[in-house]
Amino acid sequence: MVVVIHLFAVARQVAGTRSVTVEVAEPATVATVREALVRSIPALAVTLPHLRMAVDSAYVDDSHAIGPGSEVAVIPPVSGGSLD
């Protein structure tokens, strides 16, 4: 199955591109997509464990299933804001 992974923030900077296309065997999970992404762009190996994965606009864990046509994104953790 072909999966297009959209990269944001530091992942985009490290990879030097907005998206990456990887091929994974079905059934696929977020973990298998992460592994394929690191094989495709080894420089992400250090950064990727600190980033969140989203599938179809929802944050998911590594066991989440990826289906054909799923939208996958790598997003940095979000923090900030002020109570003042």
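By convention here, the first residue in the shown sequence is residue 1. Atom set for the values below is all heavy atoms of this structure, side chains included, hydrogens, waters and symmetry mates excluded. Please read all numbers here as calculations on a predicted model, not as lab measurements.
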Might you point out which heavy atoms bring [X] and [Y] nearest each other, and give the distance in Å?
X: Val33; Y: Met53; result: CG1-CE, 4.2 Å
X: Val24; Y: Ala36; result: CG1-CB, 3.7 Å
X: Pro76; Y: Leu51; result: CA-CD2, 3.6 Å
X: Pro68; Y: Glu26; result: CG-OE1, 4.1 Å
X: Val60; Y: Arg52; result: N-NH2, 4.4 Å
X: Leu7; Y: Thr17; result: CD1-O, 3.7 Å

Main chain of Gly67, side chain of Ser70: is a donor-acceptor contact present, judged purely on distance under 3.5 Å?
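A pair under 3.5 Å: yes.
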
Evaluate side chain to side chain contact (heavy atoms under 4.5 Å, CB included) for Val30 paired with Arg34, printing each intermediate quantity in order.
CA-CA 6 Å; Val30 169; Arg34 277 184 188 269; 4.2 Å; yes

Intermediate values then yes/no, side chain to side chain contact (heavy atoms under 4.5 Å, CB included), Thr21 and Val2
CA-CA 7 Å; Thr21 302; Val2 174; 3.3 Å; yes

Checking Thr29 against Ile66 for the side chain to side chain contact (heavy atoms under 4.5 Å, CB included) test, could you report, in this order, the C-alpha distance in whole Å, the side-chain angles of both residues, the deciding distance, and whether it holds?
CA-CA 5 Å; Thr29 64; Ile66 304 285; 5.5 Å; no

Is there a chain of hydrophobic side chains (I, L, V, M, F, W, Y, each step under 4.5 Å between heavy atoms) that links Val3 to Ile75?
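Cluster IDs for Val3 and Ile75 differ.
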
Tell me whether Phe8 shares a hydrophobic cluster with Val4, the cluster being built from Ile, Leu, Val, Met, Phe, Trp, Tyr side chains joined at under 4.5 Å.
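No, it is not one cluster - the side chains of Phe8 and Val4 are not joined through contacts under 4.5 Å.
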
Can you check side chain to side chain contact (heavy atoms under 4.5 Å, CB included) on His6 and Glu71, steps first, answer last?
CA-CA 8 Å; His6 303 281; Glu71 182 177 78; 4.1 Å; yes

Within this structure, what is the [atom1]-[atom2] distance for the pair [X] and [Y], rounded to the nearest 0.5 Å?
X: Glu23; Y: Arg39; atom1: CD; atom2: CZ; result: 10.5 Å
X: Leu37; Y: Thr32; atom1: CG; atom2: OG1; result: 11.5 Å
X: Ile5; Y: Leu44; atom1: CD1; atom2: CG; result: 9.5 Å

